[in-house]
Amino acid sequence: MSPAIERRLLQASVAVAGIVPVGGGLWGVLGGMNTVGVTAASHGRYLSGLLLGIGLTFWWSVPAIERRGAVVRTLAFVVFVGGLARLAGVLETGAPGAVAFPLVMELGVTPALALWRERLQRRFGPPLRPS
């Protein structure tokens, strides 16, 4: 596979995966989590705003993904740590089906995309060049 094609596949994968945090963040910001008390709803909106920001920053990295290694690594780390926190909650309270997809994204897909970006940079040299 050529570097240009692999770069495009990585860009498309990050863009598609970004739908999850952006959609989840928007859902929470727009009141999707507003099913409990005012304080919990406020906290849920705040956390959803962070999730939205993470997803939008991932999307921002797509056009110049070859120059955004630090950004992608940092975001992946933040998402992974959040996934570990979610996993701790699941282990403590049980595993409702609603958290399976977020856990896969946080502990699997996001770190895999970040590692893929690193692999491409190591393979084709810094910086990757768009074609």
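Heads up: numbering here begins at 1 and tracks the sequence.
Connection of F101 to L84 is not established within any shared hydrophobic cluster, with ILVMFWY side chains joined at heavy-atom distances below 4.5 Å, either directly or through further cluster members. A chain of hydrophobic side-chain contacts below 4.5 Å, direct or via other Ile, Leu, Val, Met, Phe, Trp or Tyr residues, connects L120 to V71. At a threshold of 4.5 Å between side-chain heavy atoms, the hydrophobic network of Ile, Leu, Val, Met, Phe, Trp and Tyr places L75 and M105 in one connected group. Hydrophobic clustering, with ILVMFWY side chains joined whenever heavy atoms are under 4.5 angstrom apart, groups V79 together with V104. Both V78 and V109 belong to a common hydrophobic cluster when Ile, Leu, Val, Met, Phe, Trp and Tyr are linked at side-chain heavy-atom distances under 4.5 angstrom.
Here the straight-line distance linking atom CG of L26 with atom CG of L52 works out to 5.0 Å at 0.5 Å rounding. Put simply, CZ on R122 and CG on L115 are 8.0 Å apart, with the number rounded to the nearest 0.5 Å.
With sequence neighbours left out, E118 forms a salt bridge (Lys or Arg N to Asp or Glu O under 4.0 Å) with R73.
Here the closest non-hydrogen pair linking A114 and A76 is CB-CB, 3.6 Å. Annotation for A17 and P21: closest pair O-CD, 3.2 Å, computed over non-hydrogen atoms. Of all non-hydrogen atoms in L10 and R117, the two that sit nearest each other are CD2-CA, 3.5 Å. Across every non-hydrogen atom of V90 and L103, the tightest pair is CG2-CD1, 4.1 Å. The two residues G25 and L51 come nearest to each other via the heavy atoms N-CD2, 3.6 Å. In plain terms, the two heavy atoms of R123 and M1 that are nearest each other are NH2-O, 4.0 Å.
Screening residues 81-107 for side-chain hydrogen bond (donor to acceptor under 3.5 Å, both in side chains), with sequence neighbours left out, gives R86-E106. Within the structure, side-chain hydrogen bond (donor to acceptor under 3.5 Å, both in side chains) contacts touching residues 11-21 (residues at least two apart or in different chains) are R7-Q11, R8-Q11.
In this structure, F77 and T110 have side chains that are not in contact, with every pair of non-hydrogen atoms separated by 4.5 Å or more. Annotation: side chain of F124 is in contact with side chain of E6 (closest heavy-atom distance under 4.5 Å). Counting only heavy atoms from C-beta outward, the side chains of L113 and F58 never approach each other to under 4.5 Å. Looking at W116 and V14, their side chains never come closer than 4.5 Å, going by heavy atoms from C-beta outward.
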